[in-house]
Engineer: 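This is the structure I have questions about; it appears just below.
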2 protein chains.
Amino acid sequence: MLVCVLGADGYLGWPTALHLSARGHDVVAVDSLIRRRWDRQLGTPNLVPLNNMDARVKRWHAESGRSIDWVKLDLCDNRAVRDLIERYEPDAVVHFAEQRSAPFSMISPERAVETQVNNVAGNLNLLFALRDFAPDCHLVKLGTMGEYGTPNIDIEEGWLEVEHNGRRDRVLFPKLPGSMYHLSKVHDSHNIEFSCRVWGMRATDLNQGVVYGMGTTETDLHPQLQTRFDYDHIWGTALNRFCVQAAIDHPITVYGRGGQTRGFLDIRDTVRCIELAMVNPAERGEFRVFNQFTEQFSVQELAEKVAHARAEHGLSTVIEHAPNPRVEKDEHYYNAKHQHLLDLGLRPHHLQETLIEGVIARVETLRRRIRPELVGASTVDWRGAHQRRRQVAVTGRSALSSNGSAALVGAAGGRRTVAAR
Amino acid sequence: MLVCVLGADGYLGWPTALHLSARGHDVVAVDSLIRRRWDRQLGTPNLVPLNNMDARVKRWHAESGRSIDWVKLDLCDNRAVRDLIERYEPDAVVHFAEQRSAPFSMISPERAVETQVNNVAGNLNLLFALRDFAPDCHLVKLGTMGEYGTPNIDIEEGWLEVEHNGRRDRVLFPKLPGSMYHLSKVHDSHNIEFSCRVWGMRATDLNQGVVYGMGTTETDLHPQLQTRFDYDHIWGTALNRFCVQAAIDHPITVYGRGGQTRGFLDIRDTVRCIELAMVNPAERGEFRVFNQFTEQFSVQELAEKVAHARAEHGLSTVIEHAPNPRVEKDEHYYNAKHQHLLDLGLRPHHLQETLIEGVIARVETLRRRIRPELVGASTVDWRGAHQRRRQVAVTGRSALSSNGSAALVGAAGGRRTVAAR
């Protein structure tokens with residue numbers, strides 16, 4: 001199949017482009033490289049030395065004999081998107097090309113608007129281009145499990161059968177997302193569902209869990225093929241960050257009590273899931289949703305897994321409970337379904353201590369690149385305390401908001417040491 | 001109360017500003033005047049001669065002795081929004097300031113993106129400014145009944161109690177909106193719900209039905225106080241358009257079979273609903289949704305009401321069934337709740353033939369301003385046929401999409417004459 005991978009410079013976009021190429025598909029790798037610009041703006045250099053896309057694609061050809069077309073393009077440029085789709089008429093588009101950090105989206109009003117405009121407008125341009133130039137193309141769109149929030153009912157895969165006042169319907173699963181970023185994905189999902197219902201397009205929305213791991217079979221082929229690995233408090237996610245903290249003997253920072261339960265998956269399963277969705281496309285007019293994760297853990301459980309993996313080697317680990325900068329429940333019901341990808345043949349890599357040990361060992365080889373100031377708890381406060389403090393300084397009248405904010409702050413700090421076994 | 005009315009140059013924003021002022025509130029009228037620019041771009045001049053905002057506010061002061069502050073401001077300008085909220089610290093904000101035409105949003109990818117970016121970014125800027133400078137302010141936001149679509153279950157007011165696999169939760173009512181515009185309001189609703197849940201803000205989302213009528217007690221005080229009245233195929237809505245069509249003996253154009261059922265309300269009830277919501281604010285942290293309409297009709301029923309009102313005067317009316325440019329069901333279940341505003345004291349103006357006769361009579365006095373080419377069925381096709389035809393001309397390969405489009409086209413045309421009684 002001919003597939004455009006949008007966001008091909010990213011943590012998951014790049015391994016996906018390589019995996020699909022290795023599996024015999026014709027891959028067009030597309031990215032605006034904006035993430036590299038954001039990293040310069042925010043001072044969040046990557047743990048892994050990253051080659052530019054030209055060098056990566058050339059290296060891939062040398063290693064595999066396979067060609068990937070590399071196109072630098074911003075999805076917010078409607079004309080460029082239309083030209084791309086008209087030129088390639090892809091069988092599938094895999095769309096990773098969004099701002100994907102929750103903390104980034106909560107830094108300021110400007111970053112919130114930037115996130116939602118970038119994600120929503122880029123996705124809309126893509127939908128219209130597909131409608132007009134490749135209406136049979138299958139859109140495989142990356143969403144997030146965070147769209148659902150933590151409802152008190154089982155989380156189904158995108159749709160819910162409801163009975164209400166004696167009548168029945170199948171409705172979109174209701175969402176209570178947890179950040180301006182997560183909201184942007186909810187907006188995308190609604191826009192895509194519309195395109196299927198009204199234009200007869202075909203789409204699979206992959207509500208992905210938190211991904212961990214440093215690479216795949218393909219990225220491991222050569223150092224120049226490595227993908228990025230984020231450990232900072234803006235871009236890094238739970239398990240990956242914990243491994244970096246452990247590697248430099250920094251306490252593992254768990255927000256609040258750590259009861260927050262989420263879906264997780266190995267990066268090697270991400271690339272496999274994408275291909276499974278792609279080669280088993282949705283029907284014309286179908287808006288299909290898969291929950292793309294393999295296991296549920298609480299944040300506390302993850303931290304303890306890292307501590308135990310280290311304990312095997314006689315190392316002790318401090319787990320620190322930091323005040324949660326996010327607003328989220330840290331004790332809640334959570335049971336999310338994830339059957340569809342298993343039905344298509346996914347054989348999950350379950351989280352094992354050997355994986356954690358492997359990541360920690362590899363992080364240690366990159367130790368000199370770690371910036372300690374980026375490793376700790378996030379300074380981005382969901383409640384906008386920073387914005388309000390600035391207001392106090394300027395106007396001297398925000399007692400109400402400051403109190404409102406303080407009242408919301410959750411679990412107090414606390415430290416716990418897991419001894420070596 | 002001190003209230004900022006955003007979108008105060010609009011069909012409903014202006015009468016709302018006057019009504020709230022007449023009721024003793026201190027009103028700040030805010031608008032970017034973008035709608036006047038859109039009218040110049042699209043060639044959709046208004047039926048009513050409109051004064052500029054300075055003249056209107058001055059006239060209002062002369063008629064009522066009440067002052068309204070007029071501020072020209074674009075909600076997409078984050079700094080200006082923050083300055084506005086910091087300066088006035090309003091008790092309430094009534095937010096009408098959005099692109100509100102479904103056909104406009106479906107003209108092209110550019111108009112779709114413009115609609116969603118304008119509405120979502122403006123609303124986000126407002127939410128952040130309220131959080132930081134007026135956290136106790138009550139946001140009264142105009143949504144639309146069109147957010148819900150036409151589900152096979154009763155439509156509740158924003159929230160739905162569900163039982164699923166033996167567990168219960170109260171969830172946001174699932175939405176299947178019918179255009180890029182309606183989608184933008186769904187996005188807004190999610191963003192606002194987040195601001196209540198995470199920042200403790202208070203908001204009422206008014207999912208309004210289709211409004212009809214030419215004015216209110218206040219706008220009727222003087223010709224310079226009249227509000228706009230849209231009759232063209234981009235901005236005009238069902239009943240208002242039918243009255244204009246009837247006034248110039250144009251056939252009434254019903255899309256498809258006309259079984260599409262929607263909620264409707266009189267413009268005099270709109271302004272009353274806004275004040276009722278405002279003086280009975282939501283609690284801190286509460287995301288409250290009211291369905292703001294008073295009666296349900298099918299489009300065919302509305303057309304027949306116009307025909308019958310004319311028949312009373314011995315005039316016959318042609319009802320024409322045009323192919324529906326929208327993609328929507330024209331036979332469906334529809335039962336939408338609208339109790340909350342009645343509970344707060346709304347006493348509805350139900351639709352009567354005298355209202356229809358009054359509108360037709362007033363339209364007739366403005367007859368020379370009507371542009372016949374704007375009166376008929378819309379040329380904006382939901383399926384993007386125009387965009388695709390351009391593709392055929394350019395590339396010669398859109399057979400599949402053209403077929404897909406043709407297959408979707410609904411009811412064929414047909415004419416029916418309602419004889420004078």
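The structure displayed is predicted, hence computed values, not measured ones. All chains are named by letter (A, B, ...) in the order of the sequence lines, taking the proteins before the strands, and each is independently numbered beginning at 1. Both backbone and side-chain heavy atoms feed into the values below; hydrogens, waters and symmetry mates do not.
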Engineer: Quick check: does any side chain N or O of A:Arg197 sit under 3.5 Å from a backbone N or O of B:Gly178, one acting as donor and the other as acceptor?
Structural biologist: no
Engineer: Under 6.0 Å from the CD atom of B:Glu163, do we count more than 12 heavy atoms belonging to anything else shown?
Structural biologist: yes
Engineer: Step by step, would you call A:Arg167 with B:Asn335 a side-chain contact (heavy atoms from CB on, under 4.5 Å)?
Structural biologist: CA-CA 11 Å; A:Arg167 300 183 61 89; B:Asn335 183 34; over 6 Å; no
Engineer: Let me know if B:Arg168 has heavy atoms under 4.5 Å from chain A in its side chain, its backbone, both or neither.
Structural biologist: backbone
Engineer: To the nearest 0.5 Å, what is the distance between CD on B:Glu193 and NZ on A:Lys175?
Structural biologist: 13.5 Å
Engineer: With a 4.5 Å cut-off on heavy-atom pairs, point out which of B:Asn165, B:Leu176, B:Asn125 contacts chain A the most.
Structural biologist: B:Leu176
Engineer: B:Pro109 and A:Arg82: which non-hydrogen atoms are nearest, and at how many Å?
Structural biologist: CG-NH1, 3.5 Å
Engineer: Are A:Glu156 and B:His164 close enough, and set up right, to give a side chain to side chain donor-acceptor pair (under 3.5 Å), and what steps lead you there?
Structural biologist: CA-CA 10 Å; A:Glu156 301 296 334; B:His164 178 57; 2.7 Å; yes
Engineer: What distance do A:Glu110 atom CD and B:Arg79 atom CZ have between them, rounded to the nearest 0.5 Å?
Structural biologist: 8.5 Å
Engineer: What part of A:Val113 lies closer than 4.5 angstrom to a heavy atom of chain B: side chain, backbone, both or neither?
Structural biologist: both
Engineer: Among A:Asp169, A:Asn152, A:Val120, A:Asn78, which residue forms the greatest number of heavy-atom pairs with chain B at distances under 4.5 Å?
Structural biologist: A:Asn152
Engineer: Any sub-3.5 Å donor-acceptor pair from A:Trp382's side-chain atoms to B:Trp199's backbone N or O?
Structural biologist: no
Engineer: Looking at chain B, which one of A:Leu127, A:Val171, A:Val117, A:Ile153 has the largest number of heavy-atom pairs inside 4.5 Å, strictly under?
Structural biologist: A:Ile153
Engineer: Flag the one option from B:Val186, B:Leu183, B:Val162, B:Leu172 with the top tally of heavy-atom pairs under 4.5 Å to chain A.
Structural biologist: B:Leu183
Engineer: Determine the option with the most heavy-atom pairs under 4.5 angstrom with chain A, choosing from B:Gly166, B:Ser184, B:Pro151, B:Pro177.
Structural biologist: B:Pro177
Engineer: By a 4.5 Å heavy-atom criterion (distance strictly below it), what part of B:Asp154 contacts chain A: side chain, backbone, both, or neither?
Structural biologist: both
Engineer: Can B:His187 and A:Gln116 be said to form a side-chain contact (heavy atoms from CB on, under 4.5 Å), step by step?
Structural biologist: CA-CA 10 Å; B:His187 307 340; A:Gln116 292 203 2; 5.8 Å; no
Engineer: Between A:Gly149, A:Ser179, A:Gly285, A:Cys76, which shows the greatest number of heavy-atom pairs under 4.5 Å with chain B?
Structural biologist: A:Ser179
Engineer: Sort A:Met106 into side chain, backbone, both or neither according to what part of it lies under 4.5 angstrom from a heavy atom of chain B.
Structural biologist: side chain
Engineer: Which atoms of A:Leu160 come close to chain B, meaning under 4.5 Å heavy atom to heavy atom: side chain ones, backbone ones, both, or neither?
Structural biologist: side chain
Engineer: With only heavy atoms counted, which part of A:Asn191 is less than 4.5 Å from chain B, the side chain, the backbone, both or neither?
Structural biologist: both
Engineer: So for atom CD, which belongs to B:Gln339, do other residues, nucleotides or ligands contribute more than 12 heavy atoms lying within a distance under 6.0 Å?
Structural biologist: yes
Engineer: Under a 4.5 Å heavy-atom cutoff, which of B:Arg326, B:Glu328, B:Met180 has the most pairs with chain A?
Structural biologist: B:Met180
